[in-house]
Protein chains: 2
Amino acid sequence: MDDKPLSKDPNQQFSVPYYEIPYEKFFQFGMSVDSVVFGYHDGQLKVLLIKRGAAPFKGELALPGDLVYPNETIEVAAHRILKDLTGIDEHFIRQTKVYSQVDRHPVARVITTGVYSVIDIAKHDPHASAWAEGVYWVPVDEVPHLAFDHDCIFRDALEILRDRVRKEPVGFELLPSKFVLAELQGLYEAVLNVKFDKANFRKRILSGKFLRDLNEFQEGVPHRPARLYSFDANKYEELTSSGFSIQV
Amino acid sequence: MDDKPLSKDPNQQFSVPYYEIPYEKFFQFGMSVDSVVFGYHDGQLKVLLIKRGAAPFKGELALPGDLVYPNETIEVAAHRILKDLTGIDEHFIRQTKVYSQVDRHPVARVITTGVYSVIDIAKHDPHASAWAEGVYWVPVDEVPHLAFDHDCIFRDALEILRDRVRKEPVGFELLPSKFVLAELQGLYEAVLNVKFDKANFRKRILSGKFLRDLNEFQEGVPHRPARLYSFDANKYEELTSSGFSIQV
DNA sequence: ATAAGTAGTGTATTATTTACACTTGAAACA
DNA sequence: TGTTTCAAGTGTAAATAATACACTACTTAT
């Protein structure tokens, strides 16, 4: 009995001085990570949802997530989960918030950390795994009700992404390494749900000098092909270290 | 033995499939909160440090923090800690990051959430408590080495504060409810470590319309007394809900 | 050749930011 | 009762940045 996770019984309240709470009760938390994985496709910002393969909420839609292993950090756990789902080792990943409502998990006391991740859909082919019966890319404005408190975790992540994408080079993670300015503009428009003037968008982005002009061109388009660019991470580092920040 | 917190023994690695890890090992995390409490005094931004009253790191300087109780959320725990230290119930408080390095705590596996808090020094009188032998306001640029990974937690919080204070009404929490524009300017200059032009600062702040002109004046100053203002939270809410955001 | 369609550029207008000098008013002192 | 001192508070010209929008350029398709 003593080994079981903390009971969720509402009668089991600890309205007593801390020294009357058995010491080991302070060390019975479960820790999990829930990932909000963003991708961009067909001019739409999408998020990766799974159909849960295990209780609780088996069969329901949720964010991919799992308990943190005893020897893992949260970041390691998040990478493991994404690797299981997409096969890719390297992901851009950032924390959002911690969710610690006492009753947020129906079975045990589990505190979860939200993270978001931003990937190029074309490079990844998500597939079902031990804990996910199905995996789906869902446009962010069509996300249905999710298991646990994942509605909230998703909303918060989207809001934080929208804030961050304006000043950090997050957007480039969503695109192939070679892209065209119109794609970049479409991406920002999809993420932020706004429209930009083409000429002004170009001027702003190009004035930053962190895009490398590859002197290559689009192929197979039925009109004048556009120049290909890539994000120059070194140049960007150089710029940020002297106070520069992307402004979109 | 099974009831003890997770061992920090580096030999106890779990490089095995999850189903070979005993189930209860997933529920032996300790969860804590560490608060970075900011205050403003004498034109300086300061942070509240404690001298630890208990092992580990007894006697060393650290951020105020404690284990989360089994029936608490992280936010509740953070408020409890600050109440213990300052006697005040209501605090402005925000999460910063989660710190989950496996070896960050020398005794047990404890994951901590950093929070920051921003208070009016004049209204609070911090005092030693069960877990704090001493309490000190230290200017942010004179913070010495701290216990655990608190150096890092502090640095991150300061960076996040500096980012947030430019667009959220965080600064007002540091001042008495009635203040003078010069005080507000001094505060922003101390937090951000920059200088503003007086005329332009006023124009910018006043153009937001979220300051209420109290038609009252400073007293006891040996020069022309300045107008007193207060932050109008209702007006601010109204403005933000229609897309407005503070810009400093 | 020419039409269609997107790539990419130039520029006038408007809005915002910056720098800095100025005026105002209360208290202190002669 | 001036006059000085000190910071409060204002006005404005110049520089910079944001916006709107029309234009040219180039490649494919017919």
Side-chain angles (χ1 to χ4, degrees), chain A residues 40 42-43 165-167 171 175-176 178-190 192-231 239 242-248, chain B residues 40 42-43 165-167 171 175-176 178-190 192-231 239 242-248:
Chain A
Y40 174 68
D42 286 340
V165 81
R166 285 179 172 271
K167 32 201 123 134
L175 291 177
K178 298 176 181 189
F179 52 85
V180 138
L181 289 186
E183 287 167 354
L184 189 63
Q185 179 175 346
L187 159 67
Y188 275 105
E189 290 178 342
L192 297 171
N193 202 29
V194 293
K195 283 281 168 198
F196 292 110
D197 177 277
K198 179 177 48 145
N200 297 336
F201 179 82
R202 298 177 145 259
K203 270 181 279 188
R204 208 155 18 175
I205 287 290
L206 257 20
S207 73
K209 309 273 185 222
F210 49 81
L211 290 193
R212 188 188 300 118
D213 182 344
L214 297 171
N215 268 305
E216 295 173 47
F217 294 85
Q218 261 181 326
E219 277 170 28
V221 285
H223 55 73
R224 174 178 177 183
R227 301 189 89 83
L228 289 168
Y229 290 86
S230 70
F231 175 68
L239 288 163
S242 43
F244 168 85
S245 166
I246 292 180
Q247 279 279 85
V248 183
Chain B
Y40 174 67
D42 286 339
V165 80
R166 284 178 173 272
K167 30 202 123 131
L175 291 178
K178 297 177 180 188
F179 53 85
V180 137
L181 289 186
E183 286 167 355
L184 188 64
Q185 180 175 346
L187 159 67
Y188 275 105
E189 290 178 342
L192 298 170
N193 201 30
V194 294
K195 283 281 167 197
F196 292 112
D197 176 275
K198 179 177 48 147
N200 298 335
F201 179 82
R202 299 179 145 257
K203 270 180 280 188
R204 207 157 17 175
I205 286 290
L206 257 21
S207 74
K209 309 274 185 221
F210 50 80
L211 289 193
R212 188 187 298 120
D213 182 344
L214 297 171
N215 268 305
E216 295 173 48
F217 294 85
Q218 261 182 326
E219 278 170 27
V221 286
H223 56 74
R224 176 178 176 182
R227 302 189 86 85
L228 289 169
Y229 291 85
S230 71
F231 175 69
L239 288 163
S242 44
F244 168 86
S245 165
I246 292 181
Q247 280 277 86
V248 182

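Protein chains get the first letters and strands the later ones, always in sequence-line order, with residue 1 at the start of each. The shown structure was predicted, so the numbers you read here are calculated from the model rather than taken from an experiment.
Rounded to whole Å, atom P of D:dT19 lies 11 Å from atom CD of A:Q247. In this structure, CD of A:E219 is placed 16 Å from P of C:dA7, rounded to the nearest angstrom. Here C:dT9 presents its P atom at 17 Å from CZ of A:R204, a figure rounded to the nearest Å. Put simply, OH on A:Y229 is 6 Å from P on C:dG8, counting in whole angstrom units. Rounded to whole angstrom, the span from the CG atom of A:D213 across to the C1' atom of C:dA7 amounts to 13 Å. Spacing between atom CD of B:Q218 and atom P of C:dA26 amounts to 13 Å, rounded to whole angstrom units. Distance, B:R202 CZ to C:dA19 C1': 17 Å, rounded to whole Å. D:dA18 atom C1' lies 20 Å from atom NZ of A:K195, rounded to whole Å.
Proximity of A:L228 to A:V180: side-chain heavy atoms (C-beta onward) are separated by under 4.5 Å at one or more points. For the pair B:V165/B:V248, no side-chain contact is recorded, criterion being any heavy-atom separation below 4.5 Å from C-beta on. Taking the side chain as every heavy atom from C-beta outward, B:D213 and B:L206 never approach each other to under 4.5 Å. By the 4.5 Å heavy-atom criterion applied to side chains, B:E189 and B:F201 are not counted as neighbours. By the 4.5 Å heavy-atom criterion applied to side chains, A:D42 and A:Y40 are not counted as neighbours. In this structure, B:K203 and B:K198 have side chains that are not in contact, with every pair of non-hydrogen atoms separated by 4.5 Å or more.
Residue B:V221 is in sugar-phosphate contact alone, with no base atom involved, counting any heavy-atom pair closer than 4.0 Å across all strands shown. Contact annotation for B:R227: backbone-only contact, meaning every heavy-atom pair under 4.0 Å involves sugar-phosphate atoms and none involves a base.
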What's touching nucleotides 23-26 of chain D from the protein side, N or O pairs under 3.5 Å?
from   : atom 1 : to     : atom 2 : distance (Å)
D:dA25 : N3     : A:R224 : NH1    : 2.9

Listed pairs, N/O of protein and of nucleotides 10-14 of chain C, under 3.5 Å:
from   : atom 1 : to     : atom 2 : distance (Å)
C:dT11 : O4     : A:K203 : NZ     : 2.6

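Mapping A:V180 and A:P222 onto DNA chain C via the closest heavy atom, the residue that lands nearer the 5' end is A:P222.
In summary, B:E216 and B:R227 do not engage in a salt bridge, as defined by a charged side-chain N under 4.0 Å from a carboxylate O.
The number of heavy atoms from other shown groups lying within 6.0 Å of NZ (A:K178) does not exceed 12.
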**side-chain contact (heavy atoms from CB on, under 4.5 Å) between B:N193 and B:Y188, worked out** = CA-CA 8 Å; B:N193 201 30; B:Y188 275 105; over 6 Å; no

